**Student:** 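This is the structure, below, for whatever I ask next.
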Number of protein chains: 2
Amino acid sequence: MKSESSTVIVAARIRTDIISGVLPPRSKLGEAALAKQYSVSRIPVREALRSLEAEGLVESRPYSGSVVAPSPIEDAEDLFEIRIVLEAATVRRAARRSAAQSCEGSPDPGWWPIRKEINEILAAGDEVIAEERFEDLAVLNMRFHFAIAELSGSLSLVSLLRQISGKIEWLYSLNVTRRGPQAWPEHREIIAAVDAGQRDKASDLMASHVRRSRDSYFAMMSEQRPEDPAS
Amino acid sequence: MKSESSTVIVAARIRTDIISGVLPPRSKLGEAALAKQYSVSRIPVREALRSLEAEGLVESRPYSGSVVAPSPIEDAEDLFEIRIVLEAATVRRAARRSAAQSCEGSPDPGWWPIRKEINEILAAGDEVIAEERFEDLAVLNMRFHFAIAELSGSLSLVSLLRQISGKIEWLYSLNVTRRGPQAWPEHREIIAAVDAGQRDKASDLMASHVRRSRDSYFAMMSEQRPEDPAS
DNA sequence: GTCGCATATTTTGTATACAACATCGCCTCG
DNA sequence: CGAGGCGATGTTGTATACAAAATATGCGAC
């Protein structure tokens with residue numbers, strides 16, 4: 001396994017704490033406190049905070065420190081809308097790359113490791129479903145979508161997806177449960193279309209997949225809070 | 001004027017150099033060199049690089065340093081597609097907020113400064129057009145779109161727009177000219193719809209505006225390079 | 001008792017210094 | 001002559017130390 005720098009580890013842990021709700025919006029993120037908590041100096045903490053700031057999870061003002069950004073819950077609809085377009089684009093490019101590779105004899109060295117990983121993710125998901133450990137499905141789901149994005153070969157789309165996914169995960173943290181295992185088999189249809197190089201089909205399937213995810217989210221929200229969440 | 005930290009200044013300058021093509025993709029970004037260039041220590045440089053990494057403009061590997069990310073030119077269509085949805089969303093929220101503020105007596109302290117700034121931007125654009133200094137229009141155009149996003153009051157959408165806009169500016173850097181001044185008056189129609197609280201109209205106008213921008217980009221591209229840019 | 005101001009304390013911003021790791025060149029061995 | 005190991009060199013990662021700014025504290029005046 002490749003070892004990561006402290007900065008990346010600290011950023012990941014703070015991100016998790018924000019997204020999971022351990023650190024609620026407007027929480028003060030004191031550098032000294034975080035440094036002590038993670039047993040590092042302030043330098044990696046500061047760099048992590050800069051990353052999170054660029055991701056829109058943290059707000060910073062000079063000489064005033066960093067606080068957790070307001071929750072993106074007001075933007076839920078817009079974020080899903082954007083995610084539909086974005087993920088449809090990633091999977092389309094993935095299918096395109098798949099087709100280009102099958103027809104011509106282009107090497108594409110980065111393709112198969114990721115393609116292999118997707119199979120592992122799908123298998124792990126099936127196992128998790130069989131054992132009814134549904135709480136592990138969320139992270140596998142995210143890994144699947146990121147793997148598809150990497151399959152697209154486009155760094156810009158991956159970094160955009162990272163930003164949007166973070167926010168959408170954050171939305172879900174306000175609820176407890178997730179969309180159940182009935183969504184999982186859809187992943188296989190998507191990757192099948194990618195493998196077949198069917199761009200339009202892959203794109204449409206992904207868009208529908210994300211749309212259902214969105215509808216499930218809003219259904220959940222209206223169950224828990226019958227009143228309109230806006231303001 | 002509010003003073004910024006060195007980190008922010010350095011990040012802005014590196015970002016400009018990347019987007020403008022001074023630093024081509026795959027350029028090595030040595031920390032010591034950048035520190036000397038901007039007369040600061042390596043700490044602000046490192047923090048700036050972390051921000052740019054989160055924005056997808058820079059790639060970093062542990063103990064191996066940072067390089068400029070590959071150009072997003074392959075993703076041009078997808079980026080425009082996402083931007084259409086994103087900006088339609090920001091302007092819709094701006095119109096919504098405008099309407100909410102007009103009807104009720106809600107304070108909304110942050111509204112008027114930005115609304116004022118938009119007027120200044122529009123006036124500056126008119127002046128620039130009158131004097132035919134069209135090269136200054138690009139930065140004003142960007143400022144207009146960011147101001148609209150801020151008017152939406154949504155930090156998540158602003159940070160997404162920052163990321164996408166950066167990449168789209170990067171696309172344009174490969175050409176020299178921009179979409180001419182005939183697009184500028186469209187901004188006034190958009191802000192008029194916002195002020196009137198007409199969400200759908202504002203959203204549709206913005207979507208069309210960005211679509212025309214996209215079409216102009218691709219027309220320019222096909223002029224300069226008749227062959228298909230995709231591989 | 002409250003407001004305002006000066007000072008003290010805390011926190012952030014930056015520079016310097018050192019440790020860990022990668023890379024390149026050279027030397028030895030096959 | 002080429003391949004692999006080994007050290008020199010340079011770059012990145014992190015810690016400590018200090019400077020600058022904001023916030024908190026306490027005193028005095030009204």
Side-chain angles (χ1 to χ4, degrees), chain A residues 1-18 23-70 109-110 155 159, chain B residues 1-18 23-70 109-110 155 159:
Chain A
M1 255 349 215
K2 63 180 176 184
S3 71
E4 297 282 4
S5 67
S6 301
T7 297
V8 177
I9 297 173
V10 170
R13 296 194 59 174
I14 298 176
R15 183 167 25 234
T16 302
D17 283 349
I18 292 176
L23 292 168
R26 293 295 172 198
S27 301
K28 182 109 180 50
L29 298 169
E31 297 174 2
L34 293 169
K36 175 166 276 188
Q37 180 177 352
Y38 299 120
S39 302
V40 294
S41 87
R42 281 174 46 215
I43 301 294
V45 171
R46 284 181 61 83
E47 293 184 8
L49 289 174
R50 284 295 166 292
S51 296
L52 297 172
E53 186 184 12
E55 288 176 34
L57 270 63
V58 158
E59 268 177 302
S60 296
R61 275 170 31 192
Y63 286 105
S64 176
S66 306
V67 296
V68 177
L155 182 69
S159 74
Chain B
M1 259 342 217
K2 64 179 174 183
S3 72
E4 298 281 3
S5 67
S6 301
T7 297
V8 177
I9 297 173
V10 170
R13 296 194 60 175
I14 299 176
R15 186 171 18 237
T16 301
D17 283 349
I18 293 176
L23 292 169
R26 293 296 169 198
S27 301
K28 181 117 179 49
L29 298 168
E31 297 174 2
L34 293 169
K36 174 167 274 188
Q37 180 177 351
Y38 299 120
S39 303
V40 294
S41 89
R42 280 175 48 214
I43 301 294
V45 172
R46 284 180 61 84
E47 293 184 7
L49 289 174
R50 287 294 165 279
S51 296
L52 296 173
E53 186 184 12
E55 288 175 35
L57 269 64
V58 159
E59 269 177 301
S60 297
R61 276 171 30 192
Y63 286 105
S64 177
S66 306
V67 296
V68 177
L155 182 68
S159 74

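None of the values given here were measured: they were computed from a predicted structure. Sequence lines set the chain letters: A, B, ... in the order given, protein chains first and strands last, and positions in each chain run from 1.
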**Student:** Check the interface with nucleotides 13-15 of chain C: list each N/O to N/O pair with the protein under 3.5 Å, or write none.
**Tutor:**
unit_1: C:dG13; atom_1: OP1; unit_2: A:Y63; atom_2: N; d: 3.1
unit_1: C:dG13; atom_1: OP2; unit_2: A:R46; atom_2: NH1; d: 2.6
unit_1: C:dG13; atom_1: OP2; unit_2: A:R46; atom_2: NH2; d: 3.3
unit_1: C:dG13; atom_1: N7; unit_2: A:R42; atom_2: NH2; d: 2.8
unit_1: C:dG13; atom_1: O6; unit_2: A:R42; atom_2: NH1; d: 3.2
unit_1: C:dT14; atom_1: OP1; unit_2: B:S6; atom_2: N; d: 2.7
unit_1: C:dT14; atom_1: OP1; unit_2: B:S6; atom_2: OG; d: 2.6
unit_1: C:dA15; atom_1: OP2; unit_2: B:S41; atom_2: N; d: 2.5
unit_1: C:dA15; atom_1: OP2; unit_2: B:S41; atom_2: OG; d: 3.0

**Student:** Does A:E53 come within less than 4.0 Å of B:R50, counting only side-chain N to carboxylate O?
**Tutor:** no
**Student:** Less than 4.0 angstrom from a charged side-chain N to a carboxylate O is my criterion; do B:K36 and B:E31 meet it?
**Tutor:** no
**Student:** Which atom names give the shortest non-hydrogen contact between A:P70 and A:P25, and what distance separates them?
**Tutor:** CA-CB, 4.0 Å
**Student:** Shortest non-hydrogen contact from B:I18 to B:L57?
**Tutor:** CD1-O, 3.9 Å
**Student:** What residues, two or more places apart in sequence or in another chain, satisfy side-chain contact (heavy atoms from CB on, under 4.5 Å) together with A:T16?
**Tutor:** none
**Student:** Side-chain N or O of B:K28 less than 4.0 angstrom from OP1 or OP2 on C:dA22?
**Tutor:** no
